[in-house]
Protein chains: 2
Amino acid sequence: MGDEGEWLPQPEIEDIELVKVLHALGDPVRLWLLKVYAGGEAFSCAPDALGIGHLHKSTVSHHMRIMREAGITSTRAVGRNRYVQLRRDDLDARFPGLLDALLESLPY
Amino acid sequence: MGDEGEWLPQPEIEDIELVKVLHALGDPVRLWLLKVYAGGEAFSCAPDALGIGHLHKSTVSHHMRIMREAGITSTRAVGRNRYVQLRRDDLDARFPGLLDALLESLPY
DNA sequence: TGAATGGTTTGACGTTGGTCAAACCATAGA
DNA sequence: TCTATGGTTTGACCAACGTCAAACCATTCA
């Protein structure tokens, strides 16, 4: 009760590397997740809830870890849930204009 | 003589896919090449001339092909030389602001 | 306390990817 | 014409990657 949850490990702002961010986003599933998280904080990792119901939950967990370790997302663990959000401010500070350009360029 | 050379195969503007561009740039060597080509047209594929003298020339050829097929560069073959340049206008038209943001964010 | 639930981790499997070396191709130059 | 040269292609090798399944862990709730 009253517990805000724990933050899962993520790189410091200055340790976010462009090549890792690009590598992380150079995958169709993770590029899709970028769009999902851009729409607001997600509180479930369930494949169906994320629009990737065709993938196994462990695969989704894998993709979310890669995005978090690349510095794209931050995750707070509260109970059995995971609150995932884009690190908008950090990405904007580190790579000005990049995130906006990416979101503007997303397909669909 | 007077031969302008032949253009190597490359995708049409509308066929350039964001995920392929990001995947292509999610590699340290190709991210380095992006910076090189951003500095102006390159007329040699020699590893030394491109600042990647530690790599075999066939490896460089491989990376250049991936960048071209992703739609990042265009290549004109004139004699034994290859004139490689960034597809600035095409990339700007397809993904507004992305290239500028990337070039601003490059390390070094 | 016991069962169900949301996520993570591990292991396995097939695919893709980066690298080198050698063969190859076409052009330039003697 | 012969040789050297700039680049490409092919094959091989090993590492990295995406995926699933099963085991696992912690939390929730009956």
Side-chain angles (χ1 to χ4, degrees), chain A residues 1-10 17 19-33 36-37 41-50 52-70 73-85, chain B residues 1-10 17 19-33 36-37 41-50 52-70 73-85:
Chain A
M1 54 327 191
D3 193 348
E4 293 291 342
E6 290 211 341
W7 293 95
L8 300 194
Q10 66 177 44
E17 292 178 36
V19 69
K20 285 187 183 175
V21 170
L22 297 178
H23 180 261
L25 296 180
D27 173 273
V29 173
R30 294 191 292 263
L31 200 52
W32 167 265
L33 287 179
V36 171
Y37 296 139
E41 188 180 53
F43 34 90
S44 170
C45 299
D48 285 334
L50 294 170
I52 43 181
H54 56 106
L55 291 179
H56 197 275
K57 64 175 184 173
S58 62
T59 301
V60 175
S61 181
H62 165 73
H63 285 302
M64 297 197 343
R65 172 204 275 258
I66 289 188
M67 294 186 76
R68 195 188 70 241
E69 291 182 344
T73 57
S74 62
T75 302
R76 212 171 68 250
V78 182
R80 290 178 304 183
N81 294 321
R82 300 293 181 274
Y83 293 80
V84 181
Q85 51 186 9
Chain B
M1 57 325 191
D3 192 350
E4 294 289 342
E6 291 210 340
W7 293 94
L8 301 192
Q10 66 177 46
E17 292 177 37
V19 69
K20 286 188 184 174
V21 170
L22 297 178
H23 178 261
L25 296 179
D27 172 274
V29 173
R30 293 191 292 261
L31 201 52
W32 168 264
L33 288 179
V36 171
Y37 296 138
E41 189 180 52
F43 33 90
S44 169
C45 300
D48 285 334
L50 294 171
I52 43 181
H54 56 105
L55 291 179
H56 196 276
K57 64 175 183 172
S58 63
T59 301
V60 175
S61 180
H62 165 72
H63 284 302
M64 297 198 341
R65 172 203 276 257
I66 290 188
M67 294 186 76
R68 195 188 69 241
E69 292 182 343
T73 57
S74 63
T75 302
R76 211 173 67 249
V78 181
R80 290 177 303 184
N81 294 321
R82 299 293 181 274
Y83 293 80
V84 181
Q85 51 186 9

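Reminder, nothing fancy here: chain letters follow the sequence lines and each chain counts from 1. Since the structure is predicted, the reported quantities are computational estimates derived from the model, not experimental observations.
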*Would you classify A/H62 as touching base, sugar-phosphate or nothing, given that sugar-phosphate means primed atoms plus P, OP1 and OP2, and contacts are heavy atoms under 4.0 Å?*
base

*Tell me: CD of A/E6 to P of C/dT8, nearest whole Å?*
14 Å

*asked:* So, OP1 or OP2 of C/dG7: does either fall under 4.0 Å of a side-chain N or O from A/S44?
replied: yes

*Taking all heavy atoms of A/P47 and all of A/K57, pick out the closest pair and write down the distance.*
CG-CA, 3.8 Å

*Between B/T59 and C/dT19, is there a side-chain N or O to OP1/OP2 distance below 4.0 Å?*
no

_Using OP1 and OP2 only, check whether a side-chain N or O of A/R80 sits under 4.0 Å from C/dA4._
no

_Taking any heavy-atom pair under 4.0 Å as a contact, classify B/A77: base, sugar-phosphate, or nothing._
nothing

_B/R82 vs D/dT8: side-chain N/O to OP1/OP2 distance below 4.0 Å_ = yes

*What pairs with A/R76 under salt bridge (charged side-chain N to carboxylate O under 4.0 Å, His left out), at least two apart in sequence or on another chain?*
A/E41

*What is the distance from CG of B/L8 to C1' of D/dT9, rounded to the nearest Å?*
14 Å

*How many Å lie between NE2 on B/H63 and P on D/dT9, as a whole number?*
15 Å

*Figure out the CZ/P separation between B/R65 and D/dG6, and round it to whole Å.*
21 Å

Show the distances under 3.5 angstrom between N or O atoms of the protein and N or O atoms of nucleotides 22-25 of chain C.
none

_Just to verify, what does A/S44 make a side-chain contact (heavy atoms from CB on, under 4.5 Å) with, not counting sequence neighbours?_
A/A46, A/A49

